[in-house]
Structure formats: structure tokens, C-alpha cells
Amino acid sequence: MTRLSLKEKKQIIFDHEAKMARQLALMVLEKPEPPFWASFIPMVFVFYAQKLKQYSTGLDEFVDNYLSPRRDAIEAAALAKTTDSVVDCTKLLEKAGDMPPPAKPLYLKWITLLTNHYLLLLDSQGDCHDTLMRNGYQDKTNYLSICDCCIEAERAFNLELLPGIDGEAQDILHVINKMNISIEKLQHYNAELIFSTGRSVA
């Protein structure tokens, strides 16, 4: 088995998260569909093209926002490995920016779970993300237990932010719930492939 460097592991873990983020964005954001007659009316088609461009931009922004705390957590975990120290999650909290005081302990709980997950993968041996996962978690049950904890912690954090976000509360809550359901589906499906067949969807 090829022995990967810490830098290589870090890149593999981030690449996996980036693929998951893109898949999640496609599940959460609804692609605009043109009326069947749109191509016959130029102005309608132009309007649809603008909507499609907005959708594409929305996908990119969703992916960037999803990856931002995960990128920071991966970097922090890698730094802790390099310096043989523990992850200082309070620095990750500071980097996250302003948030309501009640949300801070929820963010710390969530980001701590993430960094622990990445530390475990960085400690594992393997030549790809799947083998890092299998050697780190040993079986699907252990992995899904961590996934469920992360999903619930992220959901609690997002809900605490809800009152301070501009927009219709019900619409935002719908997106949060849809995102959580989609994350769970992706992770369970991925876990099935990794631990049952030896390959992943991402």
C-alpha cells in the first residue's frame, strides 16, 4: 500500500469534501426549467438564460460557503498533526466571524466534531480517501454515527442563526432541512459504497 504524506492526505480529504459539496448543491438548489415553448420566443429564452446563469452562480456560492468551515477545519487538523499539538477550535470560531453569542458554543461543538473526523483520517493509512475511511472507522456503523452527530450539530448551529438572517423564515428553514436530509442521503449512500463495495460515489 502506498504511504501518503500528510499534504497528500489533506488534499485527498479536501477533494472529497469538494465533490460532496457539489453533489449537495445539485440536490438542494432547484435548477430552473424553461417552458417547452421558450425557444420560440426570444425574450423568454433570454430570461431563462439569465435564470440559468443565476443558478450556476448559486451553485458555486453554495459550494464555497459549504467548504469554507471544512477547509479551515482540515487545515487546523493538519497543522495540529505537523506541530504535534491539539486543534485550537477557538481560533476557528474567531475565523468564522460575527455570530450571535448563543450560536458560538453550537459552532464550537460542530467544528470540533469536524476536526476530530479529519484528524482521524489524517492518522489513518491508505492510498485513497476510501482506504483512509475504512482504516480509520473500521466499519460503516462507526462512520455513520459520527456523520449523524455532525449533521445534528450543524443543524442546531444553523437554526440558532435563523432569527438573524434576512428573508422568509419558513423558506430558510425549508432549505436547512432539505440540506440536512440531502447530506444524510449522500453520506449514507457513500458509506454503503465505501464499506460494502470498496468504492465511493465521490
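Bear in mind the structure is a predicted one, so any value in this text is a computation, not a measurement.
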Salt bridge (charged side-chain N to carboxylate O under 4.0 Å, His left out) partners for Glu94, two or more places apart:
none
Could you check whether Glu61 and Asn65, counting side-chain N and O atoms only, form a donor-acceptor pair closer than 3.5 Å?
no
Sequence neighbours left out, what pairs pass salt bridge (charged side-chain N to carboxylate O under 4.0 Å, His left out) with at least one residue falling in residues 97-106?
none
Indicate whether the side chain of His188 and that of Tyr143 have a donor and an acceptor atom separated by less than 3.5 Å.
no
Can you list everything that forms a side-chain contact (heavy atoms from CB on, under 4.5 Å) with Cys128? Sequence neighbours excluded, please.
Asp130, Thr131
Between Phe14 and His129, ring centroids under 6.0 Å
no
Closer than 3.5 angstrom, by distance alone: can the side chain of Asn135 be matched with the main-chain N or O of Ser124 as a donor-acceptor pair?
no
Could you give all pairs that pass the salt bridge (charged side-chain N to carboxylate O under 4.0 Å, His left out) test and reach residues 135-144, with sequence neighbours left out?
Lys140-Glu192
Sequence-distant partners of Glu8, side-chain contact (heavy atoms from CB on, under 4.5 Å), two or more places apart
Leu4, Ser5
Taken in chain and number order and not counting sequence neighbours, the residues that satisfy ring-ring contact (aromatic ring centres under 6.0 Å, His included) with Tyr66 are none
My understanding is that only residues two or more places apart in sequence, or in another chain, count here; which of them pass side-chain contact (heavy atoms from CB on, under 4.5 Å) with Lys178?
Glu30, His174, Ser182
Sidechain-backbone polar pair: Thr112 side chain, Leu108 backbone, donor-acceptor under 3.5 Å
yes
For Ala76, enumerate each residue passing the side-chain contact (heavy atoms from CB on, under 4.5 Å) test, keeping only those at least two apart in sequence or located in another chain.
Val87, Leu92
If you look only at pairs with a residue in residues 72-87, which of them pass as a salt bridge (charged side-chain N to carboxylate O under 4.0 Å, His left out), with sequence neighbours excluded?
Lys10-Glu75, Asp72-Lys95, Lys81-Asp123
Could you pull out all residues at least two apart from Asp60 that satisfy side chain to side chain donor-acceptor pair (under 3.5 Å)?
Arg22
Can you list the steps and then say if Glu17 with Tyr118 is a side chain to side chain donor-acceptor pair (under 3.5 Å)?
CA-CA 11 Å; Glu17 291 287 10; Tyr118 298 138; 2.7 Å; yes
With salt bridge (charged side-chain N to carboxylate O under 4.0 Å, His left out) as the rule and sequence neighbours excluded, what pairs involving residues 145-155 come up?
Arg70-Glu154
Listed by chain and number, what are the ring-ring contact (aromatic ring centres under 6.0 Å, His included) partners of Phe62, not counting sequence neighbours?
none
